[in-house]
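Remarks on the structure that follows.
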2 protein chains.
Amino acid sequence: MNARRKFRREGEERRRQDLIDATLDSVAEYGLQGATLRTIALRAGVTAGLIRHYFPGKEELLQEAYAALVGRMTEQAKAALVMEDASPRQRLAAFVTANLNAPIVDRRVFSLWATFLGRANADPALARAHREGYLGFRDEVEAVVAEVLAAEQRKPDAGELRRHAIAINAIIDGLWIEGCLAAEMFSPGELAAIGVNAIEAELGLTPQKGGNQ
Amino acid sequence: MNARRKFRREGEERRRQDLIDATLDSVAEYGLQGATLRTIALRAGVTAGLIRHYFPGKEELLQEAYAALVGRMTEQAKAALVMEDASPRQRLAAFVTANLNAPIVDRRVFSLWATFLGRANADPALARAHREGYLGFRDEVEAVVAEVLAAEQRKPDAGELRRHAIAINAIIDGLWIEGCLAAEMFSPGELAAIGVNAIEAELGLTPQKGGNQ
DNA sequence: GGCCTTGTTGCGCAAGTGTATAAATAGCCC
DNA sequence: GGGCTATTTATACACTTGCGCAACAAGGCC
């Protein structure tokens, strides 16, 4: 009796990923305070002590988890931009639509985003991780906007371009938040439609017949 | 030696407010995990045991603190709407401008907002407090938008009005976040100008000469 | 001024935390 | 199949946490 628990050895990268995923799950469900090493380990199917074999401490685990989250979010968001043979305007619309539907609009992701961002004030490492992801996102927006306006024969100066990008970024972020916090208040696709309309109005694009395809 | 600490008796309401303020300060500075009863009490200038004289437990203290925060935020936000002798369009612009400048655009407030919202997923009481403040805000937006459009002789149906309010709310929220997280990236008044422009574009208002007063 | 109420302190406690470390065993190499 | 090693478990530890409770004293009341 009192037999020692059976276990399997996993590859290093696999185990690290499992621990990071378990961390994100725990934070999303119980918050930062509820995400203890024991909770995380339980969810990952290991014992708490193992975590220190892969991470110097809890803080580093949390930082890596946040970095992973930001990485996945921006990766998914940008993925919608790689459409070949599409007009800039269509690509912008597709980008907005992708960012205002599942899986990006998601309560769990929002909960994680807010939780970590709340600590960014006190933790420079988290603040940096956020800043990098955010600026990358906005650069992407600015690039597409430039293409859209160029296709319309318009030549905005740098300041105008920047202000458009800021506004469009705000529209996407704001709608994303509304969708995450109260998904049941919107019909499917409604947020995306509102977003595309608002953004095309911001850019002064003339509405296309049939709404927006 | 070992003298007992001197203290003053405060009025009940005053002490409760002090404790709530100390709680918000602690959460903003150290996050939810760092906001321990002892930290809060230290900042309030009392000992930890006293907190239980005013609140059933830590959870209730946090909930009341969040409710107080939401109340103050929406109160400040709505205050900009009570301008007499101003056109609806001017009132809308004033509302947007007020929401995109200090003291509403503030790192500390954002940190608190994000921290509590991150836990709203798991804590229904926090979720309710947020929902109430949010819906009140959006109703306010919708009412002003209705006035603005009426002044332009336009008669939007309920759905159109709702979509405008959603978009405008998103613009304000999104710019608010950008401002809170990276205030140094924007010149004074820039965010408000971007917001007013975006919102007037959303509503299809013709630009007024001299930009927006 | 002395008493009485109750706001307030100070201390203790059990539960839970992150970390340290020794003991065990899974799985590869030969 | 028998070691070797590094992954994994298990346990211990010092510390912090929220909470309970008894003693104390501040300040109103007579």
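Just so we're on the same page: letters track the sequence lines, and every chain starts at 1.
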Rounded to the Å, how far apart are [X] [atom1] and [N] [atom2]?
X        : N       : atom1 : atom2 : answer
Arg4(B)  : dG7(C)  : CZ    : P     : 16 Å
Tyr54(B) : dG20(D) : OH    : P     : 18 Å
Leu50(A) : dT19(C) : CG    : P     : 14 Å
Leu37(B) : dC15(D) : CG    : P     : 21 Å

Side chain of [X], backbone of [Y]: donor and acceptor closer than 3.5 Å?
X         : Y        : value
Trp176(B) : Asn99(B) : no
Glu60(A)  : Gly57(A) : yes
Thr23(A)  : Leu19(A) : yes

**OP:** Under the salt bridge (Lys or Arg N to Asp or Glu O under 4.0 Å) rule, collect the residues that match up with Arg52(A), sequence neighbours excluded.
**Re:** none
**OP:** Please list residues of residues 5-15 of chain A whose heavy atoms come under 4.0 Å from any atom in DNA chain D, ordered by number; otherwise none.
**Re:**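 Close to the strand are Arg5(A), Phe7(A), Arg8(A), Arg9(A), Glu10(A), Arg15(A).
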**OP:** Look at the side chain of Arg52(B) against the base of dG18(D) and say whether a donor-acceptor pair falls under 3.5 Å; ignore hydrogens and angles.
**Re:**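 Result: no qualifying N/O pair found.
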Subject >> Distance (rounded to the nearest 0.5 Å) between Leu69(B) CG and Thr74(B) OG1 >> reply: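 These two atoms lie 9.5 Å from each other.
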Original post:
What's the verdict on side chain to side chain contact (heavy atoms under 4.5 Å, CB included) for Ile40(B) and Leu61(B), showing C-alpha distance, side-chain angles and the deciding distance?
Top reply: CA-CA 10 Å; Ile40(B) 294 168; Leu61(B) 171 60; 4.1 Å; yes
Original post:
Does His53(B) put a side-chain nitrogen or oxygen below 4.0 Å from OP1 or OP2 of dT8(C)?
Top reply: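 For dT8(C), neither OP1 nor OP2 has a side-chain N or O of His53(B) closer than 4.0 Å.
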Original post:
Among residues 55-67 of chain A, which residues get a heavy atom nearer than 4.0 Å to DNA chain C?
Top reply: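 Going residue by residue through residues 55-67 of chain A, the ones with a heavy atom under 4.0 Å of DNA chain C turn out to be Gly57(A), Lys58(A).
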**OP:** Quick one: label Thr47(A) by what it contacts on the DNA or RNA (base, sugar-phosphate, nothing), any heavy atom closer than 4.0 Å.
**Re:**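 Counting heavy atoms under 4.0 Å across all strands, the contact made by Thr47(A) includes a base.
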